Amino acid sequence: MKMKLRFVAFLFAIGLAGVFTAMKPLEHGYKVGDEAADFELKNVDGNMVSMGMMKYSSAKGFIVVFTCNHCPFSVKYEDRIIALNKKYESLGYPLIAINPNDPEREPDDSFDNMQKRAKEKGFTFPYLIDETQRTSYFFGAERTPHAYVLKKDAGKLKVAYIGAIDDDVQNQKEKKEKYVEVAVDELLAGKPVTKSLTKAVGCAIKWKQ
Amino acid sequence: MNHSLITFDWISPGFPELAAMFRHGFFSILAGVLLFSMLPAISNGQSARIIHWPEMQTMLADSTDSLTVINFWATWCKPCVQELPYFEKARAAFAGKPVRFRYISLDFASDFKSRLLPFISRKMPGAQVYLLDETDYNAWIDKVEPTWGGSIPITLFLNNPKKIRKFAPSELGYEQLIQNISSSL
């Protein structure tokens with residue numbers, strides 16, 4: 001009888017362990033070298049944008065920046081994001097900006113306000129809203145701004161860089177370490193990216209509650 | 001007359017206390033005068049200042065016999081601002097205990113006077129606030145805590161003499177904060 005009880009307790013423990021393992025959140029968030037999945041998100045002009053669309057058929061890769069309206073760090077980087085696209089779109093690395101925030105938690109980041117900001121600043125690249133937040137979640141974006149450089153490799157999109165745009169949020173240093181630019185330059189030269197991961201400080205993404 | 005009594009008396013010295021201070025010697029008087037001259041600054045919450053990495057490093061390595069609660073925050077960070085009242089409540093609750101509260105603001109140095117100082121006098125008068133003016137985050141963030149991804153708020157509970165070190169990677173509730181402090185003393 002005692003043995004039987006012990007056995008039942010043992011089975012129960014195994015079952016419990018199973019439940020807890022299943023409860024662990026799924027692994028998400030790309031690492032350098034991972035293959036990135038495409039997305040289809042609404043742009044400020046009302047059209048849907050994906051990396052696989054015709055417009056981008058000749059792109060060699062992408063600079064994807066998770067950013068938003070309200071965050072002071074994102075605001076500091078706006079002009080530099082515009083400059084990045086200006087420099088690299090023609091070289092085959094167009095920039096795509098994605099706002100990951102839940103507008104209910106941060107009304108400044110609503111679609112209307114995104115349209116206003118894109119117009120004010122004259123964004124020359126798509127500024128997409130991630131309404132379901134799935135894209136941001138799958139990428140593993142955590143803050144704004146959070147930059148990813150993707151490289152087309154035999155029809156697949158490989159993550160080549162994750163992190164900050166440069167080492168100077170305040171835009172005061174004469175000599176910056178321009179992480180994203182260096183990464184794209186290295187890819188364009190056919191070299192591996194030397195610094196493929198940095199920490200991006202910024203505003204935590206406002207996930208839906 | 002023990003030392004703690006003296007420091008208390010300096011805040012509102014009457015004549016007997018002044019006489020005692022004379023007996024205690026010239027240096028006590030000098031220290032008293034110095035403390036007095038600093039009081040307006042302290043009470044206005046103007047003890048905030050801009051620091052750089054070496055001073056931050058010294059703070060992290062402080063081995064005096066007490067717990068240092070180091071909170072990284074910024075005025076623009078909503079969850080940080082939401083948890084601040086809990087820290088201020090805890091600071092009051094642990095007054096007189098060997099606990100120091102250090103608030104490390106990651107606001108931009110250009111916002112120090114216009115934004116940070118008014119915020120402090122409004123929301124956290126008397127708190128020890130330091131604006132860490134080091135915006136090349138990748139140069140130092142791992143030295144604070146390797147698992148810190150870059151989000152704020154984060155809080156460190158450091159009791160170096162007792163080799164206690166705790167890291168809270170996100171915002172804390174009041175109960176969690178108290179628990180962390182009590183278990184790090």
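Small disclaimer: the values here were computed from a predicted structure and weren't measured. The chains referred to below are lettered A, B, ... by the order of the sequence lines, with proteins before strands, and numbering in each begins at 1.
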For chain B and chain A, give me every donor-acceptor pair shorter than 3.5 Å, distances to one decimal.
| unit_1 | atom_1 | unit_2 | atom_2 | d |
| --- | --- | --- | --- | --- |
| B:K78 | NZ | A:E106 | OE1 | 3.2 |
| B:N138 | OD1 | A:K199 | N | 2.6 |
| B:N138 | ND2 | A:K199 | O | 2.8 |
| B:D142 | OD1 | A:K199 | NZ | 2.5 |
| B:P146 | O | A:K199 | NZ | 2.9 |
| B:W148 | O | A:K199 | NZ | 2.7 |
| B:G149 | O | A:R143 | NH2 | 2.9 |
| B:S151 | OG | A:R143 | NH1 | 2.5 |

Using the side chain to side chain contact (heavy atoms under 4.5 Å, CB included) criterion, which residues pair with B:P98? Sequence neighbours excluded. B:S66, B:L185
Counting heavy atoms not belonging to B:Y86, are there more than 12 under 6.0 Å from its OH? no
Show me the pairs that pass salt bridge (charged side-chain N to carboxylate O under 4.0 Å, His left out) and involve residues 116-131 of chain B, at least two apart or across chains. none
Could you tell me which residues in residues 157-169 of chain B have at least one non-hydrogen atom under 4.5 Å from a non-hydrogen atom of chain A, sorted by residue number? none
